[in-house]
Enquirer: 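Would you mind keeping the following structure in view while I ask a few things?
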There are 2 protein chains.
Amino acid sequence: MANIQQVAEEAGVSVATVSRVLNKQKNVTEKTKALVEEAIKKLNYEPNMLGRNLRNSETRLLLIIIPNISNPFYLEIIKGIESTVISQKYHILLCETDSNPDRENIYFDLVKNRMADGIISMDPAINGESLVNLSQKYAIIQCSEYIIGSDIPYVTIDNEEAAYRAVKHLIKIGHKRIALMNSDERFLYARQRKLGYQRALEENGIAINDNYIFQTNRLGFEYGQQIMKKILNLPDRPTAVFAVSDLLAIGALKEVNSKGLHIPNDIAIVGFDKIDFSNMTHPALTTIAQPMYKMGVIAANMLINKIKGEKVESMILDHELVIRGSTSG
Amino acid sequence: MANIQQVAEEAGVSVATVSRVLNKQKNVTEKTKALVEEAIKKLNYEPNMLGRNLRNSETRLLLIIIPNISNPFYLEIIKGIESTVISQKYHILLCETDSNPDRENIYFDLVKNRMADGIISMDPAINGESLVNLSQKYAIIQCSEYIIGSDIPYVTIDNEEAAYRAVKHLIKIGHKRIALMNSDERFLYARQRKLGYQRALEENGIAINDNYIFQTNRLGFEYGQQIMKKILNLPDRPTAVFAVSDLLAIGALKEVNSKGLHIPNDIAIVGFDKIDFSNMTHPALTTIAQPMYKMGVIAANMLINKIKGEKVESMILDHELVIRGSTSG
DNA sequence: CTGAAAGCGCTAACAT
DNA sequence: ATGTTAGCGCTTTCAG
């Protein structure tokens with residue numbers, strides 16, 4: 001495989017000139033440029049990025065850290081990231097931690113070893129201390145989940161307010177016994193959404209019943225099903241459920257359907273994220289729409305700017321309550 | 001940031017010795033090894049992969065090319081790939097083509113530019129000619145979809161047989177008017193599954209009705225819904241539908257539900273892939289289970305062996321018909 | 001506008 | 001067992 005040296009010889013110029021042509025620099029006469037391009041074509045030359053990477057100390061690779069690739073919420077964000085970075089000649093390395101610290105460390109090492117130019121972290125289970133340390137030397141952005149008080153820039157939504165609106169909607173249509181299907185309260189978004197849930201109840205004079213609050217440390221249909229089983233067996237059975245993820249909500253919905261109960265008449269359900277699936281259930285799921293694609297685009301731009309050394313500001317984006325069949329028959 | 005040179009000085013040894021310690025080579029005394037490790041710790045040294053990559057001409061990065069990240073079918077395969085390659089210190093670069101040749105070319109260039117050591121392609125819309133050309137010089141494996149007659153190794157299932165079994169199941173439970181919801185027939189798997197559909201009908205003395213055969217060039221719920229609308233309007237309405245993807249089947253199922261028809265009494269539906277969500281629909285979807293995770297593991301091992309220069313053989317894995325509520329009440 | 005040459009950080013062949 | 005050194009392919013400074 002040809003290298004820049006051979007191209008230079010073939011074209012009868014120096015390697016510096018070839019490099020200039022390759023990098024589209026101006027101060028090359030059309031004539032020599034043509035010469036070089038001819039040589040490139042003749043030799044089927046393809047520049048070797050390994051040399052360039054070492055010289056420029058960059059890889060134009062960005063790490064995207066997520067807990068689990070199976071959650072469509074992240075995929076939509078990733079689409080936004082990918083479409084943004086590709087136009088700037090960056091590529092992404094998808095890193096699924098599975099909430100496993102060992103994996104996390106492997107990915108952190110990738111940055112320390114200069115194999116990636118920056119990180120967008122979306123993993124709520126990430127080791128905050130490590131991440132903050134890393135952010136002293138490397139470009140890091142957080143997306144969706146973030147570390148309060150760190151100066152790692154982030155893009156997210158107002159989780160507390162979104163949860164508040166979701167639960168308020170349930171109250172407005174007459175529900176009083178409302179269960180919360182939460183994620184692990186070690187995660188910021190889980191704590192924030194719980195606060196929103198509590199505020200909605202309190203503002204409407206509904207006492208908070210701890211028996212109605214459930215936690216799972218993983219997201220997935222099966223966990224929603226499991227929790228719903230417990231909810232259905234509760235003595236004073238709730239008439240509505242607010243789940244902090246569409247995945248949980250969809251599992252819950254399946255469980256209610258299987259038991260032959262009617263949604264929303266027997267049980268109303270609200271989810272969170274507005275993943276594509278949420279419109280395919282029977283009935284369709286009422287949910288909070290997050291601007292996932294847009295979050296991805298913004299996170300990507302923030303990271304690229306950060307890599308360039310610019311100062312970047314955190315952002316909080318809008319969300320929207322989407323009312324569908326699972327709360328209104 | 002420290003480099004190997006500085007570590008060598010700090011430890012009072014040569015860079016070669018440091019390199020030996022780094023790469024865990026044997027011929028270093030415990031004493032010097034300790035010396036080097038101390039220096040590494042003291043300087044917070046992290047090896048720079050860019051130097052190593054150039055020297056070794058490898059990146060330990062593998063390209064995974066898929067049409068669309070939103071199809072859980074691919075995600076399950078990717079999990080298999082990732083878990084396999086990570087233990088061998090490889091990482092994956094997820095490349096979504098969106099069936100766009102421009103994107104495809106960007107990813108091909110990544111390999112030509114030595115930014116990746118090999119490719120696992122799962123994109124049925126990929127440019128076969130380019131891929132075959134590329135495979136002359138670079139390590140390439142195909143997964144699920146493959147190019148007949150090329151010598152690019154692949155791992156897949158017997159699509160024709162799988163479709164045959166799916167349709168035969170429908171016939172066995174009494175259906176005669178069976179629609180096919182196919183993907184684009186430019187794709188091999190689509191042609192193969194159509195053959196299976198036709199064979200099942202023919203073997204059972206059912207005439208093939210071209211009005212019952214539909215195509216979509218993209219997979220997604222919405223396409224399944226659209227086609228189902230057409231099917232429901234057919235003069236001699238089919239009593240069953242075989243969809244070549246769970247995504248299409250789920251969209252179809254949603255459409256039938258919305259119209260107030262009963263599944264499986266009015267319309268039975270069979271999907272393909274057994275994605276997680278296929279068990280969350282109402283009723284759950286009868287489908288063909290593909291061993292996705294296993295396919296990923298095998299594809300990954302094939303690619304790594306290919307990179308090592310070993311000879312690798314194509315494989316055809318087993319599938320399974322999973323009967324659930326959408327065909328049997 | 002073009003060329004010569006240094007050097008990015010690492011590994012490995014060769015020498016001791 | 002350890003050191004010396006060349007060189008992977010590229011970009012860029014400096015000189016002309």
Side-chain angles (χ1 to χ4, degrees), chain A residues 1-40 43-61 89 109-117 137, chain B residues 1-40 43-61 89 109-117 137:
Chain A
M1 287 190 252
N3 61 22
I4 201 174
Q5 181 72 46
Q6 294 167 288
V7 173
E9 280 164 24
E10 176 71 30
V13 299
S14 75
V15 293
T17 301
V18 177
S19 176
R20 287 185 187 107
V21 173
L22 253 26
N23 294 291
K24 305 196 197 310
Q25 294 182 20
K26 329 223 63 168
N27 32 355
V28 182
T29 49
E30 278 303 321
K31 215 179 74 188
T32 43
K33 190 179 158 201
L35 236 44
V36 171
E37 278 165 353
E38 204 176 325
I40 288 175
L43 299 180
N44 266 317
Y45 170 71
E46 301 279 355
N48 184 327
M49 292 303 171
L50 272 35
R52 177 181 293 179
N53 287 348
L54 175 59
R55 175 61 215 233
N56 295 347
S57 33
E58 65 164 17
T59 55
R60 302 195 83 79
L61 253 29
K89 296 193 191 300
D109 284 344
L110 241 26
V111 179
K112 290 184 189 159
N113 295 334
R114 257 57 50 101
M115 275 294 287
D117 297 347
K137 296 175 71 177
Chain B
M1 287 190 251
N3 61 21
I4 200 173
Q5 181 73 46
Q6 293 166 288
V7 174
E9 281 164 24
E10 177 71 30
V13 299
S14 74
V15 292
T17 301
V18 178
S19 177
R20 286 186 189 106
V21 173
L22 252 25
N23 294 289
K24 306 195 197 310
Q25 293 181 18
K26 329 222 64 171
N27 31 356
V28 183
T29 48
E30 279 304 321
K31 214 179 76 190
T32 43
K33 191 180 158 199
L35 236 43
V36 170
E37 278 164 353
E38 204 177 326
I40 288 176
L43 299 178
N44 266 317
Y45 169 72
E46 300 279 355
N48 184 327
M49 291 303 170
L50 273 35
R52 177 182 295 179
N53 287 347
L54 176 59
R55 174 62 217 229
N56 295 348
S57 38
E58 66 164 16
T59 55
R60 303 195 83 78
L61 253 30
K89 295 193 192 302
D109 284 344
L110 241 26
V111 180
K112 291 184 190 160
N113 295 334
R114 259 54 53 102
M115 274 294 287
D117 298 346
K137 295 174 72 176

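Below, read A as the first sequence line, B as the second, and so on, with proteins coming before strands; counting in each chain starts at 1. Note that the structure is a prediction, hence the values are computed from the model and not measured.
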Enquirer: If you round to the nearest 0.5 Å, how far is CZ of A/R55 from CE of A/M49?
Expert: 15.5 Å
Enquirer: Indicate yes or no: at least one non-hydrogen side-chain atom of A/E46 is less than 4.5 angstrom from one of B/R114.
Expert: yes
Enquirer: Taking A/N3's backbone N and O only, do any of them form a donor-acceptor pair with A/Q6's side chain (distance below 3.5 Å, no angle check)?
Expert: yes
Enquirer: Within this structure, what is the CD-to-P distance between B/E30 and D/dA1, rounded to whole angstrom?
Expert: 11 Å
Enquirer: Looking at the side chain of B/T29, which of D/dA1, C/dC1, D/dT11 is the nearest nucleotide?
Expert: D/dA1
Enquirer: By the 4.0 Å heavy-atom rule, please label B/L54 as base, sugar-phosphate, or nothing.
Expert: base
Enquirer: What's the CD-P distance between B/Q6 and C/dC8, to the nearest Å?
Expert: 10 Å
Enquirer: Hey, does B/P47 have a side-chain heavy atom less than 4.5 Å from the side chain of B/I4?
Expert: no
Enquirer: Is the phosphate of D/dT11, meaning OP1 or OP2, less than 4.0 Å from a side-chain N or O of A/R52?
Expert: yes
Enquirer: Examine distances only and state if a side-chain atom of A/N53 and a backbone atom of B/L50 form a donor-acceptor pair shorter than 3.5 Å.
Expert: no
Enquirer: Quick one: does A/R52's side chain get under 4.5 Å of A/L54's, heavy atoms only?
Expert: no
Enquirer: Would you say the side chain of B/K137 lies within less than 4.5 Å of the side chain of A/M1, judging by non-hydrogen atoms?
Expert: yes
Enquirer: Are any non-hydrogen side-chain atoms of A/S19 and A/N23 less than 4.5 angstrom apart?
Expert: yes
Enquirer: Please determine whether side-chain contact (heavy atoms from CB on, under 4.5 Å) holds for the pair A/E38 and A/I40, giving the CA-CA distance in whole Å, both sets of side-chain angles, and the decisive distance to 0.1 Å.
Expert: CA-CA 5 Å; A/E38 204 176 325; A/I40 288 175; over 6 Å; no
Enquirer: Starting at atom CD1 of A/I40, determine the distance to atom P of D/dC10, rounded to an integer number of angstrom.
Expert: 10 Å
Enquirer: Using whole Å, report how far CG of A/N53 lies from P of D/dG9.
Expert: 14 Å
Enquirer: Under 4.0 Å, counting only non-hydrogen atoms across every strand here, what does B/N27 touch: a base, just sugar-phosphate, or nothing?
Expert: base
Enquirer: I need the CG-P distance between B/N56 and D/dC8, as an integer number of Å.
Expert: 13 Å
Enquirer: A/V111 versus A/D117: any side-chain heavy-atom pair under 4.5 Å?
Expert: no
Enquirer: Using whole Å, what does the distance between atom P of nucleotide D/dG9 and atom CD of A/E9 come to?
Expert: 13 Å
Enquirer: Using whole Å, report how far CG of A/L22 lies from P of D/dT12.
Expert: 12 Å
Enquirer: Within the structure provided, determine whether A/V13 and A/V36 are in side-chain contact (heavy-atom separation under 4.5 Å).
Expert: yes
Enquirer: Taking the axis from the first five pairs and the axis from the last five, what angle separates them in the helix from C/dC1-D/dG16 to C/dT16-D/dA1, rounded to 10 degrees?
Expert: 40°
Enquirer: Grab the CD1-C1' distance between B/I4 and D/dT4 for me, whole Å please.
Expert: 14 Å
Enquirer: Would you jot down, in residue-number order, the residues of residues 31-39 of chain A having a non-hydrogen atom under 4.0 Å from DNA chain D?
Expert: none
Enquirer: Pairs under 3.5 angstrom, nitrogen or oxygen only, protein versus nucleotides 3-7 of chain C, please.
Expert:
residue: C/dG3; atom: OP2; partner: A/S14; partner atom: N; Å: 2.9
residue: C/dG3; atom: OP2; partner: A/S14; partner atom: OG; Å: 3.3
residue: C/dG3; atom: OP2; partner: A/T17; partner atom: OG1; Å: 2.7
residue: C/dG3; atom: N7; partner: A/R20; partner atom: NH1; Å: 3.3
residue: C/dG3; atom: O6; partner: A/R20; partner atom: NH2; Å: 2.5
residue: C/dG7; atom: N2; partner: A/R55; partner atom: NH1; Å: 3.4

Enquirer: A side-chain contact here means heavy atoms from C-beta on lying under 4.5 Å apart; do B/L61 and A/M115 qualify?
Expert: yes
Enquirer: Whether B/N23 contacts C/dT11 is assessed here as follows: a side-chain N or O lying under 4.0 Å from the phosphate OP1 or OP2. Is that the case?
Expert: yes
